[in-house]
There are 2 protein chains.
Amino acid sequence: MGLQEEQAEGSQGPVSGAAARPAGEAPAAPARRLKRTDAIAEAIKDWIVLNQLQPGDRLPQEKALIEQFKASKGTIREALKALETQGLIRSRTGPGGGAFVAELSGERAMELLANYFFFRQPSIRDIYALRKRLEPDLAASLAGRLGAADFRRLEETMRLYDHPPATTGEEYEQRLAELEFHSILAELCPNPALGFICRFLQTLLRNLTICRRIYDIPNPELRDAGLSYQIRLLRALKAGRAEEASAIMYEHMCAAERYMESCEAEFRAGFLKL
Amino acid sequence: MGLQEEQAEGSQGPVSGAAARPAGEAPAAPARRLKRTDAIAEAIKDWIVLNQLQPGDRLPQEKALIEQFKASKGTIREALKALETQGLIRSRTGPGGGAFVAELSGERAMELLANYFFFRQPSIRDIYALRKRLEPDLAASLAGRLGAADFRRLEETMRLYDHPPATTGEEYEQRLAELEFHSILAELCPNPALGFICRFLQTLLRNLTICRRIYDIPNPELRDAGLSYQIRLLRALKAGRAEEASAIMYEHMCAAERYMESCEAEFRAGFLKL
DNA sequence: AGATATTTGTTCGTATGTATT
DNA sequence: TAATACATACGAACAAATATC
């Protein structure tokens, strides 16, 4: 399929550029020597962007890479594994199989990013400081831009919590569904960065241990209030009133934050058992 | 060092739950079967959080893992490589070496996240929509909270662009230094999520190809204006005037956006060559 | 449906490199 | 310097998955 030819250009292999540093390069940051595996992974990645491979395009097979880089199978596989872990490729077995360029999914990106916050857990206040700023913009960006299918999807999600929960389990499920409502909005956002960040803040919230506890607490008023916010929000979005949608969302965020923080305070005071 | 004992608890290995599926398990979400390598990587990760390993703690060595998981060296190494790629571990050779739990660095996290936006490049407008919201909050969060060393660091960075550039190369360097100023602020932010997102938006901007071009264009007025914004900002921060710092930063962002977009428009119109 | 070819996935044995003592 | 302990790399074989005939 003519993917391999370009590798031969210049020197004996794409890795040479990464391994053998050009003469005049003074490494300000020492950048400790790359392991062979990592150098190969880097080289393959560079090769992908250089040749402008698109999602779905196939990489050379393991055997070809072994020859290209004069490395063993294990080394090549480790390099490919690194790329796969980053969500850059996916590989299939069988005839015509191999490694294919992939588009890093939002879910995977959030998983990878979540590791950063594992040892730096933000507080509820931290997260809502951001949500209060961004979710209103998100809402505004959608005003008058959603189709019938989008509204149907949103309303279907709302149906999961338009009634009082029967069990504690359902209580929890309803909270997740409410977050899912916001996640759908974020997916539809025309600004990819804004959409991603909102979705990530939602999962960050969902994964805070304190929140898992809070979400088990019955709170009929909040459910009612949230529902009414969202109904008003959908009306504003349909009518294309961006300002109003933004304002509604802001109120919604403030109310949610107030509630979450009061719960957190109660936990801390020991009024509710962990 | 007693890190290993816990592994023996229960059954013969942590992966058993993932690999050998219990009889009655009906997988609601199909969740295509994990490859052995991925199952082991997951198991090791779970084991780390379960035992609350901290950065610097050592994992069992390869040989031990081979026995634990009854897998070959290559498979174990691929699993460890996956964790290393995610920034969760680092490994060292030599006696006393092995894999050590690491704290995912902000830089690495941003690299991983950047892949998500490779095929979904936000526009300058998209990025500034976020910066206009967040950088002012960032500034406000620092008012009255910076030490003398912090101010020294900021002023040292400003010195890199407090004079007209001599060459095009310096022009570009000055722009990066200006972004670095914001990056320092973000690092100091008490809200880890806000700080990270601001830093990421900055690198996203830096890496937009269009920006690399824009940053080469001489623009003495913008440099002066930016400098004056930052001087006023530092004054407000020192005095602990959060509101004022926020307002200054907002103006700064708006001015920067206006400039960047006008440059972008000129590129598009072909007035400036790419 | 079944046989076969192709390609990744996994294992084993061994050798090399590197840091500690 | 030498011995030791560990990761890193190599190569050949085998197993499993999947497309094609």
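In what follows, every chain begins at residue 1, and chains take the letters A, B, ... in the order their sequences are listed.
Ionic pairing of Lys81(A) and Glu84(A) is present here: one or more N-O contacts between side-chain nitrogen and carboxylate oxygen are shorter than 4.0 angstrom. Ionic pairing of Glu62(B) and Lys73(B) is not present here: no N-O contact between side-chain nitrogen and carboxylate oxygen is shorter than 4.0 angstrom. Salt bridge annotation for Glu42(A)-Lys35(A): absent, with no cationic side-chain nitrogen under 4.0 angstrom from a carboxylate oxygen. Here Arg153(A) does not pair with Glu156(A) in a salt bridge; the nearest charged N to carboxylate O distance is not below 4.0 Å.
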Generate the contact string for nucleotides 14-21 of chain D. Rules: B means base contact, S means sugar-phosphate contact only, - means no protein heavy atom under 4.0 Å. ---BBB--

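The separation between Ile66(A) atom CD1 and dC10(D) atom P is 10 Å, rounded to whole Å. Residue Glu67(B) contributes atom CD, which lies 16 Å from atom C1' of dT11(C) at whole-angstrom precision. Nucleotide dC6(D) holds its P atom 15 Å from the CG atom of Leu80(B), rounded to whole Å. As rounded to whole Å, 12 Å separates atom P of dC10(D) from atom CZ of Phe69(A). Atom pair Lys63(B):NZ and dT4(D):C1' shows a separation of 12 Å (rounding to whole Å applied). The distance between atom NZ of Lys70(B) and atom P of dT11(C), rounded to the nearest whole Å, is 12 Å. Going from atom CD1 of Ile40(A) over to atom C1' of dA9(D) covers 10 Å, rounded to whole Å. Here the C1' atom of nucleotide dT8(D) and the NZ atom of Lys81(A) are 18 Å apart, to the nearest Å.
OP1 or OP2 of dT10(C) lies within a sub-4.0 Å distance of a side-chain N or O belonging to Thr37(B). For Thr75(A), no side-chain nitrogen or oxygen approaches OP1 or OP2 of dT8(D) to under 4.0 Å. Contact check, Arg77(B) against dA7(D): no side-chain N or O comes under 4.0 Å of OP1 or OP2.
Taking the six-membered ring for Trp and thresholds of 30 and 60 degrees, Phe200(B) and Phe117(B) have ring planes inclined between 30 and 60 degrees apart.
Gly98(A) comes within 4.0 angstrom of sugar-phosphate atoms only, judged by non-hydrogen atoms across all strands, and of no base. Residue contacts shown for Ala99(A) are absent, as no nucleic acid heavy atom lies under 4.0 Å away.
The cationic atom of Arg159(A) (NZ for Lys, CZ for Arg) does not lie both less than 6.0 Å from the six-membered ring centre of Tyr161(A) and within 45° of the ring axis. Remark: Arg120(A) is positioned above the aromatic ring of Tyr116(A), its terminal NZ or CZ atom under 6.0 angstrom from the ring centre and at most 45 degrees off the axis.
Picking from dC10(D), dG9(C), dC6(D) the nucleotide with the shortest atom distance to the side chain of Glu62(A) gives dG9(C).
Taking the C1' atoms of five terminal pairs at each end of the helix from dG2(C)-dC21(D) to dT21(C)-dA2(D), the two resulting helix axes are inclined by 10°, rounded to 10°.
Side chains of Glu178(A) and Gln202(A): a donor-acceptor N/O pair is absent below 3.5 angstrom, by distance only.
Remark: the backbone N or O of Gly147(A) is paired with a side-chain donor or acceptor of Asp150(A) at under 3.5 angstrom.
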